[in-house]
Amino acid sequence: MNQEQNLKIYNSLSGKKEQFTPITPGYVGMYVCGPTVYNDVHLGNCRTFTSFDVIYRYLLHCGFKVRYVRNITDVGHLTDDGEDRMAKGAKVAQLEPMEVAQRYTVGFHDMMRVFNNLTPSIEPRATGHIPEQIEMVQEILNRGLAYEQNGSVYFNVPKFAESFPGVYGSVSGRVLDDLYQETRTLKNQDEKAHPADFAIWMKARPEDIMVWKSPWSIGFPGWHLECSAMSTKYLGSNFDIHGGGNDLKFPHHENEIAQNHGACGCHPANYWLHANMLLLNGKKMSKSDGNTITPVQLFTGESSFVSKGYSPMVVRFFMLQAHYRSTLDITDEGLLAAEKGYRKLMEFNKLLQSIPSSAITATAETDTDRAILDCIQNAFEGMNDDFNTAIAIAALNDLSSYINKLANQQLAPSEISPWVLERAKVAVNDLIANVFGLLDDTSGGGKEDNTIEGLMNLILELRASARANKDWPTSDKIRDALTEIGVTVKDGKEGASWSKS
RNA sequence: GGUUUCCUGGCCGAGCGGUUAGGCACAGGUCUGCAAAACCUGCUACAGCGGUUCGAAUCCGCUGGAAACCUCCA
């Protein structure tokens with residue numbers, strides 16, 4: 001099946017869902033604005049990158065060869081904190097900027113792994129692309145769309161708007177005239193010819209500690225330039241998908257587009273996708289007013305916002321229950337519900353995979369077969385409709401009901417055809433494991449832990465014989481003791497099974 | 001102040017003109033030694049007021065509430 005023919009994507013440029021057509025058939029170039037590594041990753045970052053991870057995974061599932069580029073912003077507005085550098089003496093006593101970047105980059109990668117996000121194809125660092133950025137500034141200057149002022153270079157927005165009508169403001173939906181009036185008083189305002197202009201090269205002040213030589217001054221690249229330079233370098237001047245958080249629409253993406261036009265004369269990306277914000281108590285998280293929870297706090301439960309800790313996969317599932325373009329309010333109740341839903345889905349998949357096709361006996365297509373096939377189709381149609389994971393999960397839930405009934409002997413084996421079962425096994429596993437990227441952290445021992453598996457089998461065997469003798473006290477004692485250490489025992493028709501809770 | 005978006009049942013959250021979204025919670029039931037799980041049944045909402053339409057949660061207008069952006073931010 002060729003899913004790619006039906007994929008529709010919401011494009012922020014047009015404000016509509018559009019049929020997805022890659023520039024080169026079979027290949028997709030995707031750029032996503034990555035994190036700034038001068039701080040610990042926060043949950044909001046995790047949601048955005050998880051959203052794009054699922055998009056990446058689905059594109060792969062559709063059979064595209066995808067080059068996924070996500071940058072690391074390790075150059076920016078780092079200034080000396082004012083401490084007396086002389087007093088610190090030795091160089092090693094001072095914090096090196098790259099030391100900071102390194103620390104938080106590692107932390108970011110660790111967190112991405114915890115959330116089971118795939119590694120991008122290329123993860124370029126801004127500091128590794130200073131020559132490319134300087135070159136881009138030069139190109140923009142050459143085209144007359146920027147001007148130098150006291151060693152800094154500014155992008156000329158009014159001139160750009162004149163040269164490329166209708167471009168500036170197209171992602172953020174802003175009207176230029178409004179912009180001109182709205183812009184507040186900012187630093188360096190006096191150097192700019194127009195308030196809407198923005199720096200593409202900044203001359204360093206004495207307190208700036210990450211600086212490079214350029215034809216204009218010793219300084220550093222403007223804050224929007226790295227993405228323009230790196231996307232162009234790795235994906236070309238025109239590529240398929242550009243993603244990022246909703247809060248980057250303006251000014252970051254607007255300026256990025258302007259820079260690309262300025263340097264190459266064309267629009268960088270055909271489809272612009274924006275992941276929406278993760279809210280806490282109905283508001284965007286922010287460290288300054290305390291309305292925040294770190295991923296680690298969420299896992300450990302050490303926060304007043306949650307009643308307990310939640311596993312990363314539960315959090316991931318929680319995120320996937322909402323559409324990536326909707327804001328998602330993180331609440332303890334919501335997480336609790338997600339935890340149950342996640343476990344149920346995992347149990348369902350485990351059960352489904354364990355049913356041998358020899359156990360079912362339909363020989364012609366039945367109503368149940370058709371219903372199951374419908375569920376599968378609904379799930380993929382959901383994904384094809386702008387990556388609607390909520391729909392896909394709902395379809396999987398519908399499907400689980402048939403399989404659970406079969407296992408409960410409430411549905412006859414003659415109601416399902418073997419080929420449909422096999423089809424379901426593949427589709428469900430593809431969706432859960434490959435597309436959603438959900439790992440089963442509920443599974444008891446897991447393959448890699450034979451010891452626990454063996455012990456548990458022994459314990460359950462002992463309990464089974466106690467039960468056979470109607471020795472309920474012993475049976476219950478085993479179950480209760482296991483419950484206490486977080487292992488749930490379930491007595492099914494085919495004997496007992498267990499899972500970690 | 002400007003721009004944009006959102007307001008769905010007890011909670012989370014799909015929905016893009018005619019469908020039971022789904023999950024959680026809750027109540028009753030089946031199964032079970034008892035639990036758990038699973039299954040069945042019930043709970044059926046769209047901020048308010050108008051309008052368009054055979055038909056609106058879905059389109060338009062007004063009112064009210066919230067959020068994001070306008071400043072580094074996923």
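Each chain gets a letter, A, B and so on, in the order the sequences are listed, and its residues count up from 1.
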Reading nucleotides 4-14 of chain B from 5' to 3' and marking B where a protein heavy atom lies under 4.0 Å of the base, S where only the sugar-phosphate is that close, and - otherwise, the string is -------SSSS
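In this model, no side-chain donor or acceptor of A:R343 finds a partner on the base of B:C24 within 3.5 Å. At a cut-off of 3.5 angstrom, counting only N and O atoms as typed in the model, there is a donor on one side and an acceptor on the other between the side-chain of A:H42 and the base of B:A74. Between the base of B:A36 and the side chain of A:R479 there is no donor-acceptor pair shorter than 3.5 Å.
If you check every strand for non-hydrogen atoms under 4.0 Å, A:G34 touches sugar and phosphate atoms only. A:G282 comes within 4.0 angstrom of sugar-phosphate atoms only, judged by non-hydrogen atoms across all strands, and of no base. Counting non-hydrogen atoms under 4.0 angstrom, A:L336 reaches nothing in the nucleic acid.
The cationic group of A:R70 does not satisfy the cation-pi geometry with A:F52, failing either the under 6.0 Å distance to the six-membered ring centre or the 45° limit from the ring axis.
Candidate nucleotides B:C69, B:C34, B:A37 were compared by shortest atom distance to the side chain of A:D476, and B:C34 ranks first. Nearest to the side chain of A:A394, among B:G22, B:C40, B:C24, sits B:G22.
Between the side chain of A:K405 and the main chain of A:S400, no donor-acceptor pair closer than 3.5 Å is present.
Residues meeting the salt bridge (charged side-chain N to carboxylate O under 4.0 Å, His left out) test with A:D491, sequence neighbours left out: A:R463, A:R467, A:R479. The salt bridge (charged side-chain N to carboxylate O under 4.0 Å, His left out) test applied to A:D110 returns A:R113, not counting sequence neighbours. Residues meeting the salt bridge (charged side-chain N to carboxylate O under 4.0 Å, His left out) test with A:K308, sequence neighbours left out: A:E339.
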Per-residue pairing states of RNA chain B in dot-bracket (Watson-Crick or G-U under 3.5 Å; . unpaired, | other strand) read ((((((((.[[[..)..(...]]].(((((.......)))))....[[[[[..)....]]]]])))))))....
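A:D430 and A:R57 are not joined by a salt bridge, as no carboxylate oxygen comes within less than 4.0 angstrom of a charged side-chain nitrogen.
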N/O to N/O distances under 3.5 Å, protein versus nucleotides 25-32 of chain B:
{"residue": "B:A25", "atom": "OP1", "partner": "A:K340", "partner atom": "NZ", "Å": "2.4"}

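Evaluation of A:F49 against the base of B:A74 yields no stacking contact (centre distance < 5.5 Å, interplanar angle < 30° required).
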